[in-house]
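Here the structure comes first, spelled out in structure tokens, and everything after it is commentary.
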Protein chains: 2
Amino acid sequence: MAGRPTLRDVARRAGVSAGMAGRVLGNYGSYSEATRRKVKAAAKAVQYSPNVIARALKTRLTRTVGVLIPDITTFFWTTLVRGIQDRAARDGFSIVLCNSDEESHNEKAYLRTLVERSIDGLIICPTLDNHSFLARLSRGGTPVVLVDRHIPGLRAPSIRVDNRAGAAEAVTHLAALGHTRIAIIKGIDGVETSDERFAGYAQALRENRLRVRATLVKDGRFLKDRAFAATQELLMLKERPSAIFVCNEPMASGCMLALKESGLRMPQDISLIAFDDPVWAEYTSPPLTTVSQPSYTMGMLAFDYLLAQITDRTKAGKYLEEVVLKTTLIVRESCAGV
Amino acid sequence: MAGRPTLRDVARRAGVSAGMAGRVLGNYGSYSEATRRKVKAAAKAVQYSPNVIARALKTRLTRTVGVLIPDITTFFWTTLVRGIQDRAARDGFSIVLCNSDEESHNEKAYLRTLVERSIDGLIICPTLDNHSFLARLSRGGTPVVLVDRHIPGLRAPSIRVDNRAGAAEAVTHLAALGHTRIAIIKGIDGVETSDERFAGYAQALRENRLRVRATLVKDGRFLKDRAFAATQELLMLKERPSAIFVCNEPMASGCMLALKESGLRMPQDISLIAFDDPVWAEYTSPPLTTVSQPSYTMGMLAFDYLLAQITDRTKAGKYLEEVVLKTTLIVRESCAGV
DNA sequence: TTGTACGCGTTATCAG
DNA sequence: CTGATAACGCGTACAA
């Protein structure tokens, strides 16, 4: 009896057949009270626990979901993953975690291993490529839920936020304060969240009779270092911006670092608003005005929508549900009038 | 041919036996160049990928490791998990993530599901209980690596930091600045990291001819809210502390919040040092002096030590390797002389 | 109510 | 070099 005890071990001990033991432990079929007690006792005695692998091979259900996101290290994603995890635990699901770093070749590799592992479903924040792979997967019957972004034409629920409105609200706030030279540090061009936030920015400028000026539009690829450099470039401009809108948390870090090094005072010399509302936004000097996303809730919702598809397989790849949540502007002290 | 293509599908298409197909695809045994080509071609044609579940049932190897930590939401743990994940991906391992919230009943439940899932190994930051469960697991041949804490008597490698020295360095820094009323906000009594940090605190006080005063020792349970309350209590003391040492990042948040509400100026009125060095420590007002742990490295090491045991099963539960890394005091601006 | 027997998709052994 | 064939542990249809 090297490894873990099996159903046969329990059966032998209880003096019944393996099939019988399986029935009472899995409680299906029918059996007498007497055998029930014998089997239960035997199971407890040998500390039996079912072999999930064997069960999965038979049932084709693993009670495991894949979670494929850009980077667990950022506030938005840790919080969202925690939401998924909490819901998953409640329902006896395990999650296997993968970080794509926004690289589609990483994503593709993970996608492959996840499929090979026969996950019951996938929660993914997709990069720009692999859309056809996902479409095949979804049509093939694997439940998929998109978070943070969606893929036009893919019939899978997507849980996201109204990025355009959130960005517009932030920039409107800046304009109302009298700013006319408002810069933006974007994420990755082509990525929905980045494009939409830019669209919101442009819209708000337009509504305030301001123009989008190419020199004030920077690309930060959602990365701290890129945003650091972008901020430095902005500050070297002849007509430097009086306000900056950064499109996520890591870039907010980079931006603040550059601002600090420049010696400019915030908000007297320059105003800043960031998308995402990490815990630390409250403690910075000055406290940061932010656009907050309900990331924990998004995670819970994502799992719930996935579970719905898993439970009712007929739904997988059939229903397109779009959950678009609202952001909230949290006004702190990083913006001043001009 | 509903589901994924199987070895038999490939074999049929290539005109060979299933066993043969298995050999070339798994490249073991021997086969002719001709069949190799036929099988490879067939596999590509039907987009064959092995069924990991079936393989796991046979080989008893899942290429999956469990990661059981207190809370993915805190900086220390996200970073450490990222380290694990990166190494795991490199070696084709998946990780399944669980958050115990420091509750041993959660931990126990997760532990059970993890073993049921036949993980190849476990990286865990153990709570106070379940030690015997872990001992059984380890003796039973499941590779285990402890992170952040260790369990006396358990023959499993542990990757941690010299908490005592780190804390002592911080408190010595405070004492050197002339502080005599130095408070500490501890984590959870009985948990190694908390106890050791407290020991370092006490040691540093002693070395500076200061006494540990019960009124200045608070319990924060590693939680933000608790630390918030603890800080308020400290500030209401007749002889309030001139400096506070908090034992982790979430508690640093709570503490700063209370400080801010109190209207006290930092560092003029009160000094603060925190264990853990989150990205935002740089941006607070004033920037926070911290004790930094190499958490990303710890994650990578943890996986490497686990993999070593997995690869050489004879090592599992046999060798006790203690990796104790150094912390570094990062002096910023949250501490002043009295 | 109970036992038997087969299959899930691999890996691995044994003849030929 | 190759094809049968037997596990791995569980679920389940079928027969008793």
Side-chain angles (χ1 to χ4, degrees), chain A residues 1-40 42-43 46-64 92 113 115-120 141, chain B residues 1-40 42-43 46-64 92 113 115-120 141:
Chain A
M1 234 217 30
R4 294 226 312 276
T6 134
L7 224 32
R8 306 180 50 140
D9 296 323
V10 175
R12 188 160 34 229
R13 203 166 211 283
V16 296
S17 76
M20 198 63 250
R23 270 181 287 243
V24 358
L25 262 16
N27 80 186
Y28 59 93
S30 52
Y31 41 82
S32 72
E33 175 59 19
T35 50
R36 193 193 69 80
R37 288 223 320 278
K38 277 191 300 184
V39 172
K40 286 282 191 187
V46 298
Q47 300 204 72
Y48 171 79
S49 74
N51 181 324
V52 176
I53 304 292
R55 175 183 294 167
L57 182 60
K58 182 68 182 171
T59 63
R60 293 153 175 289
L61 261 25
T62 54
R63 282 192 103 68
T64 299
T113 57
V115 184
E116 284 179 3
R117 275 163 200 276
S118 313
I119 49 168
D120 288 344
Chain B
M1 225 206 50
R4 294 225 312 274
T6 128
L7 223 31
R8 306 181 50 140
D9 296 323
V10 175
R12 187 159 34 229
R13 202 164 211 284
V16 297
S17 75
M20 198 64 249
R23 272 182 286 241
V24 358
L25 261 16
N27 81 185
Y28 61 92
S30 52
Y31 41 83
S32 73
E33 174 60 18
T35 51
R36 193 194 68 82
R37 288 223 321 278
K38 277 191 299 184
V39 172
K40 286 282 191 186
V46 299
Q47 299 203 72
Y48 171 79
S49 74
N51 181 323
V52 176
I53 306 290
R55 173 182 295 168
L57 180 60
K58 184 66 183 173
T59 63
R60 294 154 173 289
L61 260 25
T62 54
R63 283 193 101 70
T64 299
T113 57
V115 291
E116 282 179 7
R117 275 163 200 276
S118 315
I119 50 168
D120 288 344

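The sequence lines fix the lettering, A, B, ..., with proteins before strands; numbering per chain opens at 1. If you're wondering where the values come from, they're calculated on a predicted model, not measured in any experiment.
- For the residue pair B/Thr64 and A/Arg117, a side-chain donor N or O sits within less than 3.5 Å of a side-chain acceptor on the partner.
- When the side-chain nitrogen and oxygen atoms of B/Thr35 are compared with OP1 and OP2 of D/dC1, none of them lie within a distance under 4.0 Å.
- Under the 3.5 Å distance criterion, the side-chain polar atoms of A/Thr62 are matched with a main-chain donor or acceptor of A/Ser118.
- When distances run from any side-chain atom of A/Arg60 to the nucleotides C/dT10, C/dC8, D/dG9, the shortest one goes to C/dC8.
- Scanning for salt bridge (charged side-chain N to carboxylate O under 4.0 Å, His left out) contacts around A/Arg36 gives A/Glu33, with sequence neighbours left out.
- Atom CG of residue B/Leu57 and atom CD1 of residue A/Ile53 lie 7.5 Å apart, to the nearest 0.5 angstrom.
- With sequence neighbours left out, the side-chain hydrogen bond (donor to acceptor under 3.5 Å, both in side chains) criterion links B/Thr35 to B/Ser32.
- The heavy-atom pair separating A/Thr6 from A/Tyr48 by the smallest distance is C-CE1, 3.6 Å.
- At whole-Å resolution of the value, CD in A/Glu116 and P in C/dG9 are 15 Å apart.
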Table of protein N/O atoms under 3.5 Å from nucleotides 11-16 of chain D N/O atoms:
{"unit_1": "D/dG11", "atom_1": "OP1", "unit_2": "A/Arg55", "atom_2": "NE", "d": "2.6"}

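- Out of D/dT2, D/dG9, C/dT2, the shortest distance to the side chain of A/Ser30 is found at C/dT2.
- Taking atom CG of residue A/Leu57 and atom P of nucleotide C/dC8, one finds them 9 Å apart after rounding to whole Å.
- Checking side-chain atoms of A/Arg4 against main-chain N and O of B/Val115 turns up a donor-acceptor pair under 3.5 Å.
- Between the axis at the start and the axis at the end of the helix from C/dT1-D/dA16 to C/dG16-D/dC1 there is an angle of 50°, using five pairs per end and rounding to 10 degrees.
- B/Met20 places its CE atom 14 Å from the P atom of C/dA12, with the value rounded to the nearest Å.
- For A/Thr6, the side-chain atoms get nearest to D/dC10 when compared with the rest of D/dC10, C/dT10, C/dT2.
- With sequence neighbours excluded, no residue forms a side-chain hydrogen bond (donor to acceptor under 3.5 Å, both in side chains) with B/Gln47.
- One can place CD of A/Glu33 at 13 Å from C1' of C/dT1, the figure rounded to the nearest angstrom.
- Here B/Val16 lies in heavy-atom contact (under 4.0 Å) with sugar-phosphate atoms only.
- For B/Arg12, the side-chain hydrogen bond (donor to acceptor under 3.5 Å, both in side chains) partners at least two apart in sequence or on another chain are B/Asp9.
- The interatomic distance linking B/Arg4 (CZ) with C/dT10 (C1') rounds to 12 Å, in whole Å.
- Nucleotide D/dT2 holds its P atom 12 Å from the CZ atom of B/Arg36, rounded to whole Å.
- Atom CZ of A/Arg12 is separated from atom P of D/dC10 by 12 Å (rounded to the nearest Å).
- Whole-Å rounding puts the A/Arg8 CZ to D/dC10 C1' distance at 11 Å.
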